[in-house]
Participant: 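There's a structure below that I have some questions on.
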Amino acid sequence: LAIYDQVLQPHRGSSVPALADASALLWRLALRDVDIGARWRMLASHWERKRLQGQRAFYLVHALMAFAAAGRTAFARRTSTLLASDPDTRAASAGEDVILALPLAVGLQAFSRGDYATAVDAIGRVRAIADRCGGSVAQCDLIHLTLTEAALRSRRARLARALAAERAARKPQSALNRLLFARAGAAAPAA
């Protein structure tokens, strides 16, 4: 949170890429149950002031993330509509970016309202192409982290263990991967 507050906290002149970085960090922290306080609302307010029409799908997903987490469902729905049908947004995005962004938008909104089963189903549809999200490796990994956390929270133990095992196999020294693997191993089987 100190890094967010000192480096990424938005201000009047924050660019869309800077807001995306802020969204990504807050989402990661929220996945770990860190109390974000009023930061989501402040970040969503900065996103609201940006012209989202014609932005890349990658950025719209980050705006939607902030809107959903801040409980601004009307803005989240409008952003989803841009992803689905705005020709300027489609022109600014690679075709695969939009294909990935649409189910991800559904999944992020579901996750934010505590509907983890729907989040798993939606995000699971694009898991295989998540590494082509249009951002950095860390930003694309946010998709995998959200899917893993949704699987844990929806008590889909077998899926959670498989996802955590994949992460642990790729990066066995990662403390986060070890934590996820331990949580998944302790998860009760789904009914």
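Just so we're clear, the structure is a prediction, and the values are computed from it rather than from any experiment.
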Participant: Please tell me if the side chains of L60 and D86 come closer than 4.5 Å, counting only heavy atoms from C-beta onward.
Facilitator: no

Participant: Looking only at heavy atoms, what is the nearest atom pair of S93 and Q55, with distance?
Facilitator: OG-O, 4.1 Å

Participant: If hydrophobic clusters are built from ILVMFWY residues whose side chains come within less than 4.5 Å, do L102 and I123 share one?
Facilitator: yes

Participant: Taking atom CH2 of W27 and atom OG1 of T146, what is their separation to the nearest 0.5 Å?
Facilitator: 6.0 Å

Participant: For the pair R56 and V16, evaluate side chain to side chain contact (heavy atoms under 4.5 Å, CB included) and give the outcome as yes or no after the intermediate values.
Facilitator: CA-CA 10 Å; R56 289 178 48 215; V16 167; over 6 Å; no

Participant: If you measure from CD1 on I36 to CG on L25, what distance do you get to the nearest 0.5 Å?
Facilitator: 8.0 Å

Participant: Assigning hydrophobic clusters by single linkage (Ile, Leu, Val, Met, Phe, Trp, Tyr; side-chain heavy-atom cutoff under 4.5 Å), is L43 placed with L1?
Facilitator: yes

Participant: Quick check: closest heavy atoms across A70 and A44, and the distance to 0.1 Å?
Facilitator: CB-CB, 3.8 Å

Participant: Kindly give the heavy-atom pair with the smallest separation between A92 and G54, and that separation in Å.
Facilitator: CB-O, 3.1 Å

Participant: Rounded to the nearest 0.5 Å, what's the gap from NZ on K50 to OG on S15? Could you check?
Facilitator: 7.0 Å

Participant: Within a strict 4.5 Å, meaning less than it, do heavy atoms of the L152 and L180 side chains meet?
Facilitator: yes

Participant: Are L82 and Y59 joined in one hydrophobic group, where the rule is that I, L, V, M, F, W and Y side chains link up if heavy atoms are under 4.5 Å apart?
Facilitator: yes

Participant: Are L179 and R32 packed together at the side-chain level, in the sense that at least one heavy-atom pair is separated by less than 4.5 angstrom?
Facilitator: yes

Participant: Taking atom types as modelled, is there a side-chain donor on W47 or S23 under 3.5 Å from an acceptor on the other?
Facilitator: yes

Participant: Please name the pair of heavy atoms, one in P87 and one in S85, separated by the smallest distance, quoted to 0.1 Å.
Facilitator: CD-O, 3.2 Å

Participant: When R127 is tested against each of V120, I143, L163 for side-chain contact (heavy atoms from CB on, under 4.5 Å), which residue passes?
Facilitator: L163

Participant: I need the minimum non-hydrogen distance between Q109 and R77, along with the two atoms involved.
Facilitator: OE1-N, 4.1 Å

Participant: Side chains of S45 and R72: closer than 4.5 Å at any heavy-atom pair?
Facilitator: yes

Participant: Taking all non-hydrogen atoms of both residues, which atom of A117 and which atom of S154 are closest, and how far apart?
Facilitator: N-CB, 3.8 Å

Participant: Got a donor-acceptor contact below 3.5 angstrom from the R90 side chain to the A84 backbone?
Facilitator: yes

Participant: What distance separates R125 CZ from L147 CG, expressed to the nearest 0.5 Å?
Facilitator: 11.5 Å

Participant: Return the CG to CZ distance between L108 and F67, rounded to the nearest 0.5 Å.
Facilitator: 13.0 Å

Participant: Kindly indicate whether a cation-pi arrangement holds for R78 with F75, taking the cut-offs as under 6.0 Å to the six-membered ring centre and within 45° of the axis.
Facilitator: yes

Participant: Would you call the rings of Y116 and F111 parallel, tilted or perpendicular, taking 30° and 60° as the class edges?
Facilitator: perpendicular

Participant: Check whether L19 and L8 end up in the same hydrophobic cluster, where Ile, Leu, Val, Met, Phe, Trp and Tyr are linked by side-chain heavy atoms less than 4.5 Å apart.
Facilitator: yes

Participant: Are more than 12 heavy atoms, taken from residues, nucleotides or ligands other than R41, located less than 6.0 Å from that residue's CZ atom?
Facilitator: no

Participant: Is it the case that atom NZ in K171 sees more than 12 heavy atoms from other parts of the structure closer than 6.0 Å?
Facilitator: no

Participant: Hey, could you give me the CE/CG distance between M65 and L26, rounded to the nearest 0.5 Å?
Facilitator: 10.0 Å

Participant: Using 4.0 Å as the upper bound for N to carboxylate O, is an ion pair formed by E149 and R183?
Facilitator: yes

Participant: Do V106 and L83 belong together in a cluster built from hydrophobic side chains that touch within less than 4.5 Å?
Facilitator: no

Participant: Report yes if some heavy atom in the side chain of T148 is under 4.5 Å from a heavy atom in the side chain of L31; otherwise report no.
Facilitator: no

